Number of protein chains: 2
Amino acid sequence: MENAKRIFDAFLCAKGLRHTDQRDIILDAFLGMEGHFSAEEIYRIVSEKNPEIGYATVYRTIKLLCDAGIARGIYFDDGRMRYEHKYGHGHHDHLVCIRCGKVIEIFDPQIEKAQDRLAKEKGFVPIRHQLNIFGVCKECRKRNK
Amino acid sequence: MENAKRIFDAFLCAKGLRHTDQRDIILDAFLGMEGHFSAEEIYRIVSEKNPEIGYATVYRTIKLLCDAGIARGIYFDDGRMRYEHKYGHGHHDHLVCIRCGKVIEIFDPQIEKAQDRLAKEKGFVPIRHQLNIFGVCKECRKRNK
DNA sequence: CCATAATTGAACTTGATTTTCAATATCATA
DNA sequence: TATGATATTGAAAATCAAGTTCAATTATGG
């Protein structure tokens with residue numbers, strides 16, 4: 001958490017950008033959230049702290065967080081970007097419950113390796129990937145039966 | 001091809017929907033295209049056949065094609081839906097070149113199995129998934145070096 | 001404290017997709 | 001094959017996420 005803040009300060013400094021209250025509040029809100037959330041959800045949290053802060057500033061700051069390596073954007077299957085923590089949070093894939101929307105993070109070295117092999121077989125240099133598995137989670141399965 | 005048309009007719013009939021020239025033209029255009037294309041690309045092809053047909057009808061018909069199991073929508077990493085053939089075209093994953101935008105389809109039973117296993121380990125009932133591997137294709141690698 | 005330049009919020013723009021609505025076309029039935 | 005109920009269409013407007021403009025404000029080095 002504190003590290004992420006230091007990273008962001010260093011990033012701003014290195015780029016000749018400024019440290020502002022708004023950026024602080026947005027970073028805090030972001031770091032305090034768990035999971036995968038849209039810009040709008042971040043905006044709502046930020047608004048509670050300081051209702052003056054506008055959407056534009058939230059979008060602008062999220063972009064900075066991505067550039068700084070603190071946030072990462074992903075698309076699931078609506079056309080809306082979600083953000084998750086990146087700093088101190090390695091690559092992983094996602095299980096998405098189509099009932100309740102819950103997202104579980106998974107990682108399996110075997111799958112990762114197989115993907116790289118497959119890409120290389122086709123002459124591709126793999127850079128990044130996203131694997132989203134949509135299904136029904138344990139709780140929703142119980143609930144609906 | 002012809003089968004897909006029959007499927008669509010049956011779908012329309014079953015839903016009490018009507019058979020129209022526009023829907024015919026859009027389905028033809030869709031079936032005649034290879035790969036993964038946006039609504040706008042479909043619209044352009046359709047326009048050549050019949051410039052009267054509007055965007056709204058293209059979007060509406062694509063939605064029907066998806067409902068009928070003839071088309072499938074996927075998001076890569078811009079916020080724009082792409083469509084691919086689904087009828088007679090089994091599940092597969094995608095290699096996406098970040099330079100030229102080319103998309104290659106891949107399928108690997110081992111990866112599929114590993115994904116199912118992983119989902120089940122977490123109590124998920126997997127329904128579908130999408131794996132997009134972003135990288136640089138063979139041609140682009142040669143070109144840029 | 002000042003000057004410069006980055007930042008902000010509000011409103012506006014963009015791009016993709018969806019909806020509205022009046023006019024038109026389809027299709028089962030008479 | 002004419003009719004009428006209703007699905008469909010195109011054009012324009014609406015929506016939704018995201019990005020941009022601009023005048024006013026603020027951070028920061030000197």
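Since we're looking at a predicted model, the values are computed, not measured. Throughout, protein chains are lettered first and strands after them, A, B, ... in sequence-line order, and every chain is numbered starting at 1.
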**Item:** A:Asp28: side chain to side chain donor-acceptor pair (under 3.5 Å) partners, not counting sequence neighbours
**Value:** A:Lys5
**Request:** Keeping to residues at least two apart or across chains, list the salt bridge (Lys or Arg N to Asp or Glu O under 4.0 Å) pairs with something in residues 45-55 of chain A.
**Result:** none
**Asked** Who are the side-chain contact (heavy atoms from CB on, under 4.5 Å) partners of B:Glu121, not counting sequence neighbours?
**Response** B:Arg117, B:Leu118
**Item:** Pair B:His85 + B:Phe30: ring centers closer than 6.0 Å
**Value:** yes
**Asked** What pairs with B:Tyr59 under ring pair (Phe, Tyr, Trp, His ring centres under 6.0 Å), at least two apart in sequence or on another chain?
**Response** none
**Prompt:** Taking only residues two or more places apart in sequence, or in another chain, which ones meet B:Arg44 in a side chain to side chain donor-acceptor pair (under 3.5 Å)?
**Reply:** B:Glu40
**Message:** Under 3.5 Å, is there a donor on one side chain and an acceptor on the other for A:His36 and A:Glu105?
**Reply:** yes
**Asked** Going by side-chain heavy atoms closer than 4.5 Å, which hydrophobic residues are tied to A:Phe107, directly or by a chain of links?
**Response** none
**Message:** Tell me which residues in residues 55-62 of chain B lie within less than 4.0 Å of DNA chain C, going by non-hydrogen atoms.
**Reply:** B:Ala56, B:Tyr59, B:Arg60
**Request:** Have a look at the helix from C:dC1-D:dG30 to C:dA30-D:dT1 and give the angle its two end axes make, five pairs each, rounded to 10 degrees.
**Result:** 20°
**Prompt:** Of all of residues 64-82 of chain B, which get a heavy atom below 4.0 angstrom from DNA chain C, listed by number?
**Reply:** B:Arg80, B:Met81
**Message:** Let's see if you get this right: which residues in residues 19-26 of chain B place a heavy atom under 4.0 Å from DNA chain D?
**Reply:** B:Thr20, B:Gln22, B:Arg23
**Complete:** The side chain to side chain donor-acceptor pair (under 3.5 Å) partners of B:Arg23 (sequence neighbours excluded) come to none
**Complete:** Applied to residues 64-77 of chain A, the side chain to side chain donor-acceptor pair (under 3.5 Å) test, sequence neighbours excluded, yields A:Arg72-A:Glu84, A:Asp77-B:Arg128
**Prompt:** Taking the side chain from B:Glu41 and the backbone from B:Ser38, do they hold a donor-acceptor pair closer than 3.5 Å?
**Reply:** yes
